[in-house]
Structure formats: structure tokens, C-alpha cells
2 protein chains.
Amino acid sequence: MRPERADAARNRAKILTAAAAVFAEKDPRTVTMDDVAKAAGVGRGTLYRRYPDIGSIAVALLDEHETGLQRELMEGPPPLGPGAPPADRLAAFYAAMVDLLEAHGDLALATEVGGKRFAVGAYGFWRAHVLSLLREAGVPSPEALADQLLAPLAPDVFVHQRAQGLSPSQVKAALARLATVLSHSA
Amino acid sequence: MRPERADAARNRAKILTAAAAVFAEKDPRTVTMDDVAKAAGVGRGTLYRRYPDIGSIAVALLDEHETGLQRELMEGPPPLGPGAPPADRLAAFYAAMVDLLEAHGDLALATEVGGKRFAVGAYGFWRAHVLSLLREAGVPSPEALADQLLAPLAPDVFVHQRAQGLSPSQVKAALARLATVLSHSA
DNA sequence: AGTGAAGTGGACACGGCGTCCACTTACTCG
DNA sequence: CGAGTAAGTGGACGCCGTGTCCACTTCACT
């Protein structure tokens, strides 16, 4: 496997920055491959070479932001990272996700087209994290609960709540209640 | 406003039964207007006369099943209907919704195309119900929580959980925990 | 400079969407 | 009962997005 060619790298960068702009300025669910191609000044074929659909472009952009949080969850300071009680860690995770959604909700929305929410790699990571917290808290049969606790973080739910006039901190507060209340029962 | 003409009524029936069959036999997210038209033996124009998109056909079919539950919530016997403590009523509602999803998950999935989940009339009803239960339980600022408690009932979440091998009763159990635990904190 | 492989981009065929309108059918009223 | 009329029908049409394909260009290595 040869290293990436210079023109290919140049185009990859052009595509990503152009895509970020496009997703930001119009309804992310209606962004088309052509839009990105035009904005990046490349042909559609070039896009398809790397990304099988628009969703994956959005995922690629989102990953940059998500990996930071993922690292913090694994090896950062408490309460996000290890060391704090599970309830606090879950609440902190919720808060961090809300911040992420607030900053990049448009991208997150774009990753949902075609209902591949659960296929995306990041979902597995979040799920594994929540699952381990639930286990640590001693919650019985946490498998089903994990998905259910992740559901309120679905981009469309958050965006809907924001559109209804709820502030990010209100959303965080409700999620925090959920997190703390859960461990009470364990 | 004139009464509906005989042929129109006939076609409405043909469309609905044909649509139900089509949604059942293939991935409901890929069902097209043409599929339904062909199956019903009518032209596409006839479909558009009543339903602006496939989603609304699915909604029309689903409504038949949902109205039953809605009535029970309002005037049925406890714990589904009025009279039981909020936590029990919430758990019962969750269980009923799981049954509904288990029976008609395909339709529910089809209503989600285009991200109109929150625009559909039924969502408002469920939300109002949960909201009133939360108020009755004395939970503070229940507005944000209502959407979050409804999120695990999103068709794609449920279908995903089933596909993972979780049984309906496992899903119910986890939701019941959520419901009971919440009122503990009030 | 020459060569082969990697990369590019736009033309193409396909399929779904939503509209439009000439035609058909059912009700109504003389 | 037999026009007249409004409601209802259906398929053709144009549009747009998708994903593929392949002749051409560019790069990197010698």
C-alpha cells in the first residue's frame, strides 16, 4: 500500500473544508454530493472515491470532534474520565454530548440520513461507555438500558428540543436528573 | 363540503389495504409511492390526491392502531388509564408502546422518513401524556424530560434493540425501571 | 524523459418525486 | 331519465439526486 499521492491529499483537504462550510450554511439533511463537489471544486467521481455517501463525509467531519471526547472519557480527569462514581460520570458524559450537539448539531443531523445511526462507529463507542458505567453501578440487565439512555442524545431529538425553545442547560439538567436518579436504584 | 364519492371511497380502501401489504413485505423505508400505486392498482396521481408522501400513508395506517391506545390512556382502566400512581402509569404506557412497536414496527419505521417524527400528530399526544404524568409526579421542569423519555420509543431504537437480540420483555423491563426510578426522586 | 499506476471529473443511465391536465366517473337537478 | 357539472383518476412529463464507468490527467519512481 503506497503512501497517498500529493494531489489526492490536497483534494481530501479541499473536500473536508468545503463540506464543513456547506453543512453549516444549509439544512444538513438536504446537502447533496453535488453541492459538496461544486463547493470543493472537484468532480463527483472524486468524492465517491473516498466517501460512499454524504453521510460518511459528515461522519468524517464529526469524528474529528468526537475523538477528543472519546479520549477524555477513557483517560481524562474525573468526572468525565475514570475515578468518579458512575452517576457523576454519566451526567458528565451527557453534558459533554450536549455541548457537542450544540456545537455540531448540523453535522450530527447529516449523519442520520438513511437511518444508519447505529451503524456509525461512534455509536458503538458511546454505547460501550454507558454500558460499562451501568455495570459499574450495578444496574441489572444493562444491555437494554444502554440504548435507551443513548436515545435522548439522538441529534433529531436534541435539535427538536432546541427548536422548542429549550436551552442547552435545561436539556443538560433533565439528563443529569436521569443519570443521578438511575444510580439511586442500584 | 360534499360527501365522499363512491369510487373515491373504494380507492381509499384499496390503497390502504394494499399499502399495508407492501409495508409488511419489504423494508418499509424503501417503499415508494409507485410501489403502493402498483399494488393498489391505481395511478400515482390518485395517491397524491390524499397523501402528500409515503410517510403519511404509513401514518394513516398506524393511526388506526394508535387511537385505541390513546383512548385507553384517557379513559381506560388503571394502570394505563387514570387512577394509578404516575410511575405505574408511565410503565404501563411504555409497555403498551412496546407492544405496539412489536406489532407494527415496520409501519412506525416508515413514518420516520424525512425526519418528520415530531411533526406527526401522535407524537404530540404521547408527549402531552408523559408531560402530565411528570407534572403529577412532581418532577421539576418536566418539559425537557418529556422528550427524553419518549426518545427510547423511537421506532429505529426499538428495531435496533430487537435486531440485537433483545426480547420485547427485556426492553419493557428496562423501560419499567426507568419509569419507577424516576418517581422515587420526586 | 519515459512509464505505469493512482487519481480525476464529467457524462451517463436509472429511479423516485411531485405536478399537471385530458379524460372518466359518479352524483344532482331539471 | 338524460344532460350538466364537479369530483376523481391515471399516466406522461420534467426535475433532481444517485452511483458507475472510463477516457484522460497527474504524479512518483527510475
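Quick note on labels: first sequence line is chain A, next is B, and so on, each numbered from 1.
Residue B/K38 contributes atom NZ, which lies 14 Å from atom C1' of C/dC17 at whole-angstrom precision. Atom CG in A/L47 sits about 12 Å away from atom P in C/dG10, given to the nearest Å.
A ring pair (Phe, Tyr, Trp, His ring centres under 6.0 Å) check over residues 3-42 of chain B, counting only residues at least two apart or in different chains, returns nothing. Judged as a salt bridge (Lys or Arg N to Asp or Glu O under 4.0 Å), the pairs with a partner in residues 152-166 of chain A (not counting sequence neighbours) are, in order, A/E102-A/R162, A/D156-B/R117. Judged as a salt bridge (Lys or Arg N to Asp or Glu O under 4.0 Å), the pairs with a partner in residues 118-138 of chain B (not counting sequence neighbours) are, in order, B/R127-B/D147, B/R135-B/E143. The stretch residues 44-70 of chain B participates, sequence neighbours left out, in these ring pair (Phe, Tyr, Trp, His ring centres under 6.0 Å) pairs: B/H65-B/H104. Legend: salt bridge (Lys or Arg N to Asp or Glu O under 4.0 Å) pairs involving residues 63-89 of chain A, not counting sequence neighbours: none detected. Within the structure, side-chain hydrogen bond (donor to acceptor under 3.5 Å, both in side chains) contacts touching residues 16-29 of chain A (residues at least two apart or in different chains) are A/K26-A/D35.
Phosphate proximity of D/dG11 to B/R49: absent, as no side-chain N or O sits under 4.0 Å from OP1 or OP2. Phosphate proximity of D/dG10 to B/T46: present, with a side-chain N or O under 4.0 Å from OP1 or OP2.
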| query | Between A/L69 and A/L73, is a side chain to side chain contact (heavy atoms under 4.5 Å, CB included) present by the stated rule, with each step listed? | reply | CA-CA 6 Å; A/L69 176 54; A/L73 290 178; 4.2 Å; yes
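For B/F93, the ring-ring contact (aromatic ring centres under 6.0 Å, His included) test picks out B/W126, B/H129, with sequence neighbours left out. For the ring-ring contact (aromatic ring centres under 6.0 Å, His included) test, residues two or more places apart in sequence or in another chain that qualify with A/Y123 are A/F118, B/H160.
With hydrogens and angles left out, the side chain of B/R5 and the base of C/dT25 share a donor-acceptor pair within 3.5 Å.
Listed by residue number, the members of residues 7-24 of chain A with any heavy atom below 4.0 angstrom from DNA chain D are A/D7, A/R10.
Cluster membership for A/L166 and B/L131, using ILVMFWY side-chain heavy atoms within less than 4.5 angstrom, is not shared.
Computed from C1' positions of five pairs at each end, the angle between the two local axes of the helix from C/dA1-D/dT30 to C/dG30-D/dC1 equals 10°, rounded to 10 degrees.
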| Protein-to-nucleotide contact annotation, 5' to 3' order, nucleotides 15-22 of chain D [B base; S sugar-phosphate only; - none; under 4.0 Å, heavy atom] | --SBBB--
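Its side chain within the 4.5 Å cluster rule, A/V159 clusters with A/L109 among the Ile, Leu, Val, Met, Phe, Trp and Tyr residues.
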